[in-house]
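For reference, the structure is listed below as structure tokens.
Keep in mind that this is a model prediction, so the values were computed, not measured. Naming: A, B, ... by sequence-line order, numbering from 1 per chain.
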Amino acid sequence: MKLQDTLSNSEQELDVSKKVRIYLCGVTVYDESHIGHARTIIVFDVLRKYVERKGTEVEFIQNFTDVDDKIINRAQSENTTTEEISSKYIKNYFKDFDGLNVKRATNYPKATEHIDDIIKFIEKLIGKQIAYTSKNGVYFSISKFPEYGKLSKKKIDELQSGARIEVDEAKIDPLDFAVWKFSDAEPAWDSPWGKGRPGWHIECSAMSIKYLGENFEIHGGGRDLIFPHHENEIAQSESYADSTFAKIWMHVGMVTINGEKMSKSLGNIKSIKHVLENWGANIIRLFCLSGHYSKPIDYSEELLNENLTKWRQVETCYYELIHADSENHEDVKPIIEKTSTEFNNALESDFNTHLALSAFFQLVKEANRLAAEEKLGKEDARIIKTELQRMIDILGLSIPEMTENEKKEIDNLIESREKFRKEKQFEDADKIRDKLNEMNIELIDHKERTVWMKKENIKAEN
RNA sequence: GGUACUCUGGCAGAACGGUUAUGCGUGGGCCUGCAAAGCCUAUACAAGGGGGUUCGACUCCCUCGGGUACCUCCA
């Protein structure tokens, strides 16, 4: 499959004939995760599920940044320790992302648990005279990495002239960045150069190389990480290893709200918790996948509602397939083949989830058409459902299973409603229908029979 | 100011140098005891403005304009 690589600015072939190693820059755990984080992580979740579905093993590493100024500040303002802040928000993270049906990564390394690796990493950089010690910390010297700027396509002299950061006089070059910051205040660790804590970028270099090796397949994150985070990671890692770092750099566009980036400073955050409560995982996932991953996507109730409509069609389809029992039938193989091919081709071609969703909805629509026309035989339904389920799995959607008892109860109620209808006692029949509706069961009356479906309860719909 | 990306019908959003994208919405219809759901059908003079290349451009080039992001922490 082909993916757009930020570094070469071209599509690169992802080799799926052997294990695919992915490193995704995760979150800094100092606050609740929001829908912007969700988008990036959901995109990678689907990518991972798709590759795995092809039969290729995926090693998926996603870090937690648990040492950082923001965490320290937060701990101070809440009068607690950084450990408590980070563990609280890690717990929170898993609650959110398990709720979003995101498969757990192979490993979630934390910076604080890799201080030794980070120190060894820095030692090697110092040994190669690529990093140097100054009065405030240890710095990476960008002049030792002539390709600095290659990822973000920035020219070093332009960066310097435009820099609005206060220049630290102890640095050789204003663009040099800290790999180790001296500090006696907790959290701090001893190092050969003095007590302190790691700089932001170094953890990802040290941990990605530790877990995935010096050159792995995909390194990703949000677009806003291209500079300086990923630029600096490349500088460190390639200097360290004297070889090419990640083969493909994949960056996910921002979630905007009214056209503006969702960010804490603008105060326009939609937390995952909030959106999950109101819309549920399926609709959020459809929303996040509704545009090309590299482009921004604008958050709005209107768009979520559109995805709700689509999700209802999927639910209907699912239950129609389960209950299918028509005498007549139509050859469904061409439909399955067409939509399945389109779905795969879309993902193969720079992971175009929007087109993949189109194919998915087309299959849904065809199945619903057959059901409406009473042309859906048991066997047809079975093979459509197999393919539909495959797509659902890759997209990470889920339709909750129902217990046999629940089904029996529903069947019984439908049966008594049928009796009332035959006897034209519509008031009693409608009472039963209302009762079922309260259980989120919707009835679909076909000519000869009634099919039921369980609707996911979406709070925002009411 | 610099750099990158972006500008498609009411909304969302693709592909492609020449063929209807598609979905949502909207109108009509089918089904139904009535609904709902679903289906069918119709609907959009669409390409930010202006130039150019071309037999032909939404698609390539130039230019002007709008937007967003990054240049500081950020998914």
Side-chain angles (χ1 to χ4, degrees), chain A residues 6 9 24-28 30-31 33-44 62 65 68-70 73 149 152-155 157-166 175 200 220-229 231 251-256 259-265 287 290-292 294-298 300 302-303 305-310 312-313 315-317 319-320 342 346 349 352 354-362 364-374 420-422 424-427 429-430 433-434 437 442-447 450-453 455:
Chain A
T6 309
N9 198 21
L24 176 65
C25 284
V27 296
T28 302
Y30 74 107
D31 207 344
S33 300
H34 58 72
I35 188 87
H37 302 116
R39 165 127 91 159
T40 301
I41 287 160
I42 286 169
V43 164
F44 275 88
Q62 183 184 324
T65 298
D68 170 271
D69 289 353
K70 286 194 294 280
N73 293 340
S152 56
K153 320 281 181 256
K154 290 187 188 306
K155 296 196 176 88
D157 41 343
E158 279 168 1
L159 274 175
Q160 286 171 347
S161 61
R164 283 181 290 168
I165 1 159
E166 318 164 28
L175 288 175
W200 175 34
R223 278 203 102 79
D224 52 352
L225 294 184
I226 294 173
F227 190 92
H229 186 54
E231 191 71 61
H251 290 104
V252 180
M254 297 294 99
V255 174
T256 58
E260 277 180 318
K261 181 180 168 183
M262 190 175 281
S263 74
K264 299 239 158 72
S265 47
F287 165 75
S290 68
H292 188 97
S294 65
K295 290 189 179 176
I297 189 168
D298 202 53
S300 70
E302 197 187 349
L303 239 87
N305 254 317
E306 186 174 324
N307 286 297
L308 169 60
T309 305
K310 291 173 179 176
R312 293 296 184 218
Q313 292 170 353
E315 284 178 318
T316 305
C317 174
Y319 286 98
E320 288 282 15
E342 275 181 29
S349 157
N352 192 329
H354 180 266
L355 279 182
L357 285 177
S358 291
F360 172 62
F361 292 129
Q362 206 184 324
V364 166
K365 195 156 194 97
E366 288 291 336
N368 283 341
R369 196 201 92 228
L370 291 169
E373 291 173 358
E374 302 282 4
F420 285 126
R421 289 177 77 199
K422 275 196 186 117
K424 299 210 187 300
Q425 290 176 266
F426 296 121
E427 256 181 51
D430 288 351
R433 186 166 65 190
D434 292 342
N437 279 343
E442 185 153 317
L443 300 182
I444 304 167
D445 287 329
H446 287 293
K447 275 178 194 147
T450 297
V451 167
W452 58 266
M453 62 177 278
K455 286 166 73 180

Does OP1 or OP2 of [N] have a side-chain N or O of [X] closer than 4.0 Å?
{"X": "A:Q313", "N": "B:rC24", "result": "yes"}
{"X": "A:K155", "N": "B:rC71", "result": "no"}
{"X": "A:T256", "N": "B:rA69", "result": "no"}
{"X": "A:K310", "N": "B:rC24", "result": "no"}
{"X": "A:K261", "N": "B:rC70", "result": "yes"}

Now, which nucleotide makes the Watson-Crick or G-U wobble pair with [N], with each of the two distances under 3.5 Å?
{"N": "B:rG27", "value": "B:rU41"}
{"N": "B:rC58", "value": "none"}
{"N": "B:rA35", "value": "none"}
{"N": "B:rA4", "value": "B:rU68"}

- Atom-pair distance (CD1 on A:I297; P on B:rC5), nearest Å: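 Going from CD1 in A:I297 over to P in B:rC5 covers 21 Å.
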- Task: Take atom CE of A:M254 and atom P of B:rC5, then tell me their distance rounded to the nearest Å.
- Result: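 Distance, rounded to whole Å: 16 Å.
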- Task: Using the closest heavy atom to pick a nucleotide of RNA chain B for each, name whichever of A:L443 or A:M262 lands nearer the 5' end.
- Result: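 Closest to the 5' end, via its nearest nucleotide, is A:L443.
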- Query: Which of these nucleotides, B:rA35, B:rA14, B:rC40, is closest to any side-chain atom of A:K365?
  - Reply: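 Side chain of A:K365 sits closest to B:rC40.
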- Counting heavy atoms from C-beta on, name the nucleotide in B:rA21, B:rC5, B:rG38 closest to the side chain of A:H354.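 Output: B:rA21.
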- Message: For a quick check, tell me whether the side chain of A:D430 and the base of B:rG33 share a donor-acceptor pair closer than 3.5 Å.
- Response: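 Flag set: donor-acceptor pair detected.
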